[in-house]
Amino acid sequence: MAKTILCLPGDGIGPEVTAEAMKLLECLGNDFGLSLRIEQGSVGGSAYDQHGVPLPDATLEAARGADAVLLGAVGGPKWEALPYESRPERGLLALRAELQLFANLRPAVTYSQLADASSLKTELVSGLDIMIVRELTGGIYFGQPRGVRTADNGEREGYNTLVYRESEIERIVRVAFDVARKRNRRVCSVDKANVLEATELWREVATSTAKEYSDVELTHLYVDNAAMQLVCRPKQFDVIVTTNMFGDILSDIAAMLTGSIGMLPSASLAADGKGMYEPIHGSAPDIAGQGVANPLATLLSVAMMLRYSLDEERLAGLVETAVERVLDSGLRTADLVNAGGRSVSTAQMGDAVVSALRDLSGGS
Ligand code: IPM
Ligand code: MG
């Protein structure tokens, strides 16, 4: 039976990069016999412009019905002054919450062809392969109460709540251990247990859950130290598991280690295997519409979709190989030109990956 993919291009460079993913999905259908039904929907600022809300009901319904969701990016200066609940980011956060996508996998892999593009010394980052497992539906992003109120002395005060239940901690830590079992069997849990009770509990639950995974090594770091370690000795890490907000921050750091945030995909998974896949980068309004964005993070997100939601591990590997071949051939989008090679547009990069993938179909 055909699997349904909901494509949500979103804002800024989102439509440009997802257009390349559509070419890839078409190729997977035509040349590899993958039976897919593609639907399109709106989210973010563009949904607000058309429908007055960042997550229209129709989009949410389509997302619930789909086997997987592919999202471009949301946000931009045009919508920054809107009230909080109408902002593009609320659409993304509501999708995560409504679909219960609690496990966010953010790999940070340095491609050997691009090691020179990192702002860190090549020897520090070459061969880097980290998986950040970020809790995505809890913590301070969603905790109640939250808001801006008037304090006793009449000034306004903003407040948010960092809250985690044991069950929420345990299920994300289990994901990290399961992922580590397919890798180098090391998990580093990142918290701020020296200051925040909620993450003291995090550390406690991580430690007790680890007892069931005696084949995996568990270590702990405070988040400030983890940030420092990521830029001074990043290759010490295998899997990092952490809270929603710490994961947001650490994954941007990890992304830059690899040379370009334009390379990194992500998967956000629910307990039932349903997933939403998106590049880690944002909507990059400064370069939107110019055809210079790097589509590889989105194409690699399709690979993650094949792996985690469509049970097509072999095709996931082929897409990743196709991306490697294109990098080997020296093609570079603007964000990667530091690494040398020939500068190409978004569409040329997408076409090159599709053609490399098509070449692989012969041998498959
Ligand atoms: C991310 C983004 C989002 C987040 C924003 C756009 C709401 O930064 O996916 O990392 O903070 O989670
Ligand atoms: Mg972020």
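The residues of the chain are indexed from 1 along the displayed sequence. First listed ligand is number 1; within each ligand, the first listed atom is number 1.
Below 3.5 Å of separation, one finds no N or O of Glu278 facing any N or O of ligand 1.
For Asp49 and Trp79, the side-chain atoms include at least one donor-acceptor pair closer than 3.5 Å. Checked by atom type, the side-chain pair Glu135/Asn104 shows no donor-acceptor distance below 3.5 Å. For Ser309 and Tyr277, the side-chain atoms include at least one donor-acceptor pair closer than 3.5 Å.
Side-chain atoms of Asp238 come within 3.5 Å of backbone N or O of Arg185 as a donor-acceptor pair.
The aromatic rings of Phe177 and Tyr213 lie parallel to each other, with less than 30° between the two planes, well short of the 60° mark.
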Would you check, one step at a time, whether the test salt bridge (charged side-chain N to carboxylate O under 4.0 Å, His left out) holds for Glu320 with Arg325?
CA-CA 9 Å; Glu320 287 161 351; Arg325 296 228 172 138; over 6 Å; no
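Within the structure, ligand 1 has Arg96 among the residues with a heavy atom less than 4.0 angstrom away. Within the structure, ligand 1 has Arg106 among the residues with a heavy atom less than 4.0 angstrom away.
The heavy atom nearest to atom 10 (O) of ligand 1, out of those in Asn104, Asp248, Asn244, is found in Asp248.
Residues Arg332 and Ser343 are not in side-chain contact: their nearest non-hydrogen atoms beyond the backbone lie 4.5 Å or more apart.
Less than 4.0 angstrom separates some heavy atom of Glu89 from each of these atoms of ligand 1: 6 (C), 7 (C).
With a 4.0 Å cut-off on non-hydrogen atoms, Arg90 does not touch ligand 1 at all. Proximity of Arg134 to ligand 1, defined as any heavy-atom pair under 4.0 Å, is confined to the side chain (atoms from C-beta onward).
Nearest N, O or S atom of Asp248 to the Mg ion (ligand 2): atom OD1.
In terms of protein heavy-atom proximity, atom 4 (C) of ligand 1 is closest to Tyr141 OH, 3.5 Å.
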